[in-house]
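These notes concern the structure reproduced below.
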Protein chains: 2
Amino acid sequence: MHSAEELSKVLKVLADPTRLTMLKQMQDGEQCACSFVDCFDISQPAISRHLKMMRQAGLLLERRDKQWIHYRLNETSPFYSIVVELLNRVETLEASCDCDAECAI
Amino acid sequence: MHSAEELSKVLKVLADPTRLTMLKQMQDGEQCACSFVDCFDISQPAISRHLKMMRQAGLLLERRDKQWIHYRLNETSPFYSIVVELLNRVETLEASCDCDAECAI
DNA sequence: AGGTTATATAACGGTTTTGTTATACAATAG
DNA sequence: CTATTGTATAACAAAACCGTTATATAACCT
């Protein structure tokens, strides 16, 4: 149970097609930040800020591996179940762009 | 099943504490527009625009009764189940401000 | 150390959001 | 018809959003 204030803050984070798509990809498992840079037609700093926003909302966890940072859904977030419910209603992506193997921007 | 674009548009509409609270009130049944004006500390035009936004997103239906317009959740919206799932996670309001009896702004 | 790769931050600009006040429109009431 | 009540729209301002480019930081590799 959340206040309208709390929930609306999280919904604002979710209410963006790029972030929704990023989250959807993370439903399949951890994603390297660089894979998002590959997937979307926006700059690396834009990707970085989307990730920061989701991290600050508590929706993401990160794991550093050498120079790469891998992001995954935070299953312990009080909003995790909402995120999953919403993502389950989002169509899967046409192009799967997984560059975790090489991670070369 | 929706595209990330579609869903994010609806989430933008839901991602506001005033609108979430208005929707929550409509879960208890039809609400006169004037009751919202009473309930919230924002101007009547602001309320009107919130209602318009939700109407345009297909989330609301309206019924005119004399000079009063009553709004209710559109149960046939493709997003209705999402709305309900989200509203069920929103705390019920402390003050119930139902002014349907008199409707005097 | 010096170069390369991955990520984050800063500074800026255009667009969107959300409120305001003033005004218009619609329906009722006298 | 005129006044009142309920609702919507117009015009504006402050703040937030989301992109950009330039730059900084962090880690790796020779």
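For the numbers below, each heavy atom of this structure counts, side chains included, while hydrogens, waters and symmetry mates do not.
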- Heavy atoms under 4.0 Å is the rule here; annotate nucleotides 25-30 of chain C 5' to 3' with B where the base is hit, S where only the sugar-phosphate is, and - elsewhere. --SS--
- Query: Base, backbone or nothing for each nucleotide of nucleotides 8-17 of chain D, written B, S, -, heavy atoms under 4.0 angstrom, 5' to 3'?
  - Reply: BB-------S
Please give, in whole Å, the distance from [N] [atom2] to [X] [atom1]?
X     : N      : atom1 : atom2 : answer
A:L20 : D:dC18 : CG    : P     : 11 Å
B:L14 : C:dT18 : CG    : P     : 12 Å
A:I42 : D:dT20 : CD1   : P     : 6 Å
A:L60 : C:dT7  : CG    : P     : 14 Å
A:H70 : C:dT5  : NE2   : P     : 17 Å
B:F40 : C:dT20 : CZ    : P     : 13 Å
A:M22 : C:dT7  : CE    : P     : 11 Å
B:Q31 : D:dT7  : CD    : P     : 12 Å

Sequence neighbours excluded, which residues qualify as side-chain hydrogen bond (donor to acceptor under 3.5 Å, both in side chains) partners of [X]?
X     : result
B:N74 : B:T76
A:E62 : A:R55
B:N88 : B:Q27
B:R89 : A:S81, A:E85

- ring pair (Phe, Tyr, Trp, His ring centres under 6.0 Å) involving B:H2 - partner list, sequence neighbours excluded: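 Partners of B:H2 under the ring pair (Phe, Tyr, Trp, His ring centres under 6.0 Å) test: B:F79.
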- Are any side-chain N or O atoms of B:T21 and backbone N or O atoms of B:P17, one a donor and one an acceptor, separated by less than 3.5 Å?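 Yes, because the side chain of B:T21 sits within donor-acceptor range (under 3.5 Å) of the backbone of B:P17.
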- Message: Membership question, hydrophobic clusters at under 4.5 Å side-chain separation (ILVMFWY): are B:M53 and B:L11 in the same one?
- Response: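 Result: yes, single cluster for both.
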- Any salt bridge (Lys or Arg N to Asp or Glu O under 4.0 Å) pairs touching residues 9-25 of chain B, not counting sequence neighbours?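 Listed once each, the pairs would be none.
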- Task: Could you list the residues that satisfy salt bridge (charged side-chain N to carboxylate O under 4.0 Å, His left out) with B:R63, not counting sequence neighbours?
- Result: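 By the salt bridge (charged side-chain N to carboxylate O under 4.0 Å, His left out) rule, B:R63 matches B:E30.
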- Just to confirm, is there a sub-4.0 Å distance from OP1 or OP2 of D:dG19 to any side-chain nitrogen or oxygen of A:S43?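 The answer is no; no side-chain N or O of A:S43 sits under 4.0 Å from OP1 or OP2.
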- Message: Can you tell me if B:H50 touches the phosphate of C:dG19, counting only side-chain N or O atoms and a distance under 4.0 Å to OP1 or OP2?
- Response: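 Yes, because at least one side-chain N or O of B:H50 sits under 4.0 Å from OP1 or OP2 of C:dG19.
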